[in-house]
Amino acid sequence: MTKVRTRIAPSPTGDPHVGTAYIALFNLCFARQHGGEFVLRIEDTDQQRSSRESEQQIFDALRWLGIEWNEGPDVGGPHGPYRQSERGHIYKQYSDELVANGHAFPCFCSTERLDQVRAEQMARKETPRYDGHCMHLAPEEAQRRIAAGESHVTRMKVPTEGVCVVPDMLRGDVEIPWDRMDMQVLMKADGLPTYFLANVVDDHLMGITHVLRGEEWLPSAPKLIKLYEYFGWDQPALCYMPLLRNPDKSKLSKRKNPTSITFYQRMGFLPEAMLNYLGRMGWSMPDEREKFTLDEMVEHFDLSRVSLGGPIFDMEKLSWLNGQWIRELSVEQFAGEVQRWALNPEYLMKIAPLVQGRVETFSQIEPLAGFFFSGSVNADISLFAHKKLDADTVRLAMQLLLWKLEALRQWDKDRITAVVQAVAEHLEVKLRDLMPLLFASITGQASSVSVLDAMEILGPDLSRFRLRQAIETLGGVSKKETKEWEKRLSAIAC
């Protein structure tokens with residue numbers, strides 16, 4: 001009997017997302033329940049946005065939760081390399097095979113032509129899709145243009161009529177019309193694969209037997225199935241998990257809910273409680289109990305107990321469950337967890353130099369530096385009154401700061417300072433004009449220890465969270481303002 005093998009394949013392009021942990025947990029449980037193996041693979045073909053810092057954060061965040069993998073970039077294994085950026089020669093080989101067998105073709109169309117075709121299709125109220133312009137080029141002509149160095153991508157051929165039956169472990173057979181499918185790009189102009197080719201090739205070569213992924217990928221499943229058919233490979237069993245949602249039923253997003261795993265670590269949630277809560281997302285124990293361990297979830301795991309209704313990620317419910325875990329700790333365990341969270345020597349040694357020169361008694365530490373041990377600071381709105389900036393410009397400045405800081409992958413004082421300086425220059429104000437806004441947002445006070453040092457110590461998750469809270473305190477940002485202000489981002493050089 002074939003050994004069950006599942007995988008998670010996150011992209012290292014941002015903070016480690018709770019949705020990644022949710023899908024990883026269900027893949028892990030399914031594999032362990034069947035005595036199988038769980039693989040972690042890194043999808044880092046987006047070279048501009050991928051980073052090793054983000055990759056390491058994914059490793060650290062999943063391990064904090066208690067999710068371990070049998071094979072991966074950091075632990076090795078017999079099916080490596082486990083980073084897609086290191087497998088380029090493999091994808092080229094299989095891409096060339098598809099072209100040679102008539103299942104794919106080089107496409108030389110410019111971005112301008114593709115935009116024009118799609119605009120014309122939309123004007124005719126047709127589904128925007130590639131029109132097959134390069135599909136019938138003679139192979140000799142295509143090779144001549146490639147040899148001449150002409151920029152091109154590789155596209156797969158897809159049917160234009162009929163339906164594809166997608167066998168979903170949760171929904172049964174799902175019929176999706178082929179006329180909804182575009183001729184997917186498989187290899188980009190930079191020679192790197194897209195998600196579709198890389199995932200099919202990697203899942204096959206790594207012996208993945210079951211793929212549990214988010215339901216947002218269900219509409220594009222026919223393209224993956226067609227690739228398996230083109231290669232003549234057996235496809236893995238497919239399972240499309242329901243998406244995590246905000247309380248208002250919208251897709252979980254950082255604009256409405258903190259989505260970074262490390263945010264919850266910094267806020268003082270127990271990893272066991274966090275994993276327990278993710279396990280309750282659309283799934284339940286046979287006896288319906290709310291509190292259970294990872295081992296208990298593995299023991300009783302059954303995909304038939306997954307509910308297709310979008311599970312609601314509710315901070316209040318998570319906090320309640322975390323409280324249940326906390327209250328079952330012994331006093332000694334509780335004290336130990338608090339020490340590990342924020343009263344550990346490593347964290348205190350970062351704070352001590354900022355505080356020592358500003359206090360005369362130890363009792364003055366808490367008023368000065370209590371914000372280092374808080375989640376929210378709930379700054380009073382009066383702290384954002386500014387001598388030089390009107391209320392709208394204050395919100396603009398803070399939103400631009402937040403967006404630029406969200407894109408910052410290497411989090412240190414110098415880089416944070418560079419972001420603040422760049423936003424100040426864009427708004428034609430001095431650096432010191434923006435500092436009161438940061439003091440209020442980050443510390444909840446008009447002044448304190450160095451706020452830029454404090455942001456480095458607090459880390460990106462809490463710093464960004466507090467900025468978001470401050471913006472909401474000031475009335476938030478409308479959709480119209482968001483569209484207008486986003487246009488200014490590219491003009492901020494940093």
Side-chain angles (χ1 to χ4, degrees), residues 7-24 39-62 69 72-74 80-95 104 107 109-111 114-115 130 151-156 182-203 205-206 208 211 213-214 216-217 219-221 223-224 227 243 251-255 259-262 403-411 415 419 460 464 486 489-490 492 494:
R7 53 78 167 167
I8 185 75
S11 299
T13 55
D15 299 325
H17 200 283
V18 292
T20 299
Y22 159 65
I23 297 296
V39 178
L40 187 146
R41 190 173 70 222
I42 293 294
E43 292 186 358
D44 59 347
T45 55
D46 185 340
Q47 290 189 309
Q48 290 192 328
R49 296 174 61 226
S50 296
S51 71
R52 286 296 173 92
E53 290 80 12
S54 182
E55 178 184 298
Q56 189 60 50
Q57 287 172 351
I58 291 170
F59 298 161
D60 294 343
L62 293 178
W69 41 99
D74 58 335
Y82 293 91
R83 293 185 186 90
Q84 289 184 340
S85 61
E86 298 170 3
R87 297 170 64 83
H89 62 290
I90 299 173
Y91 306 128
K92 186 177 187 312
Q93 170 193 335
Y94 285 102
S95 173
C107 172
C109 293
S110 66
T111 302
L114 295 174
D115 289 343
Y130 182 67
S151 179
H152 67 284
V153 300
T154 302
R155 289 184 185 274
M156 71 179 290
D182 202 354
M183 295 187 191
Q184 178 65 47
V185 172
L186 300 177
M187 293 288 283
K188 297 178 286 188
D190 61 7
L192 289 172
T194 61
Y195 161 88
F196 294 90
L197 178 66
N199 269 267
V200 167
V201 170
D202 288 347
D203 284 346
L205 296 181
M206 294 182 184
I208 302 302
V211 174
R213 55 161 68 96
E216 72 267 34
W217 294 105
S220 61
K223 289 183 276 194
L224 299 174
L227 282 175
L243 291 177
K251 181 181 175 181
L252 188 67
S253 67
K254 63 187 176 186
R255 293 178 186 269
T259 57
S260 170
I261 302 167
T262 46
W403 281 332
K404 297 302 286 188
L405 290 170
E406 283 177 340
L408 196 61
R409 298 266 50 89
Q410 292 177 282
W411 190 265
R415 289 180 172 85
V419 166
R464 294 165 184 159
E486 281 179 336
L489 282 177
S490 59
I492 302 175
C494 68

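This chain uses plain numbering: 1 for the first residue, then up along the sequence. Hydrogens, waters and symmetry mates are skipped; everything else that's a heavy atom, side chains included, is used.
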Inset, instruction - Report, as yes or no, whether the 6.0 Å neighbourhood of atom CD on Gln48 holds more than 12 heavy atoms from other residues, nucleotides or ligands. - result: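 Atom CD in Gln48 is not crowded, with 12 or fewer foreign heavy atoms closer than 6.0 Å.
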
Legend entry - For Lys92, side-chain hydrogen bond (donor to acceptor under 3.5 Å, both in side chains) partners two or more places apart: Asp96

Inset, instruction - Could you list the residues that satisfy side-chain hydrogen bond (donor to acceptor under 3.5 Å, both in side chains) with Tyr82, not counting sequence neighbours? - result: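 For Tyr82 the side-chain hydrogen bond (donor to acceptor under 3.5 Å, both in side chains) partners, ignoring immediate neighbours, are Glu71.
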
Taking all non-hydrogen atoms of both residues, which atom of [X] and which atom of [Y] are closest, and how far apart?
X: Asp190; Y: Leu192; result: OD1-N, 2.9 Å
X: Trp217; Y: Arg213; result: CB-CD, 3.4 Å
X: Arg155; Y: Cys107; result: NE-SG, 3.3 Å
X: Arg83; Y: Arg87; result: O-CG, 3.5 Å
X: Leu186; Y: Ala104; result: CD1-CB, 4.3 Å
X: Ile90; Y: Val201; result: CG2-CG1, 3.9 Å

Inset, instruction - Among Ser85, Pro10, Ser11, find the one that has a side chain to side chain contact (heavy atoms under 4.5 Å, CB included) with Glu43. - result: Ser11

Any side-chain heavy-atom pair of [X] and [Y] under 4.5 Å:
X: Tyr94; Y: Pro193; answer: no
X: Pro16; Y: Leu62; answer: no
X: Leu405; Y: Trp411; answer: yes
X: Gln84; Y: Asn199; answer: yes
X: Trp69; Y: Asp74; answer: yes
X: Leu227; Y: Met156; answer: yes
X: Phe59; Y: Leu40; answer: yes
X: Gln56; Y: Glu53; answer: no

Legend entry - Gly14 backbone acceptor or donor facing Ser54 side chain under 3.5 Å: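 Between the backbone of Gly14 and the side chain of Ser54 there is a qualifying donor-acceptor contact (under 3.5 Å).
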
Nearest 0.5 Å, please: how far is [atom2] in [Y] from [atom1] in [X]?
X: Gln57; Y: Ser51; atom1: CD; atom2: OG; value: 7.0 Å
X: Asp46; Y: Thr194; atom1: CG; atom2: OG1; value: 12.0 Å
X: Leu224; Y: Tyr195; atom1: CG; atom2: OH; value: 5.5 Å
X: Glu55; Y: Ile42; atom1: CD; atom2: CD1; value: 4.5 Å
X: Ile58; Y: Thr262; atom1: CD1; atom2: OG1; value: 10.5 Å

Inset, instruction - May I have the step-by-step check of side chain to side chain contact (heavy atoms under 4.5 Å, CB included) for Lys404 and Ile492, ending in yes or no? - result: CA-CA 9 Å; Lys404 297 302 286 188; Ile492 302 175; 4.1 Å; yes

Inset, instruction - In plain terms, say whether Arg49 and Asp44 are close enough for a salt bridge, that is, a side-chain N and a carboxylate O under 4.0 Å apart. - result: no

Inset, instruction - Using a strict cut-off of less than 4.0 Å between a Lys/Arg side-chain nitrogen and an Asp/Glu carboxylate oxygen, indicate whether Asp202 and Arg7 qualify as a salt bridge. - result: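 The answer is no: the pair does not qualify as a salt bridge.
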
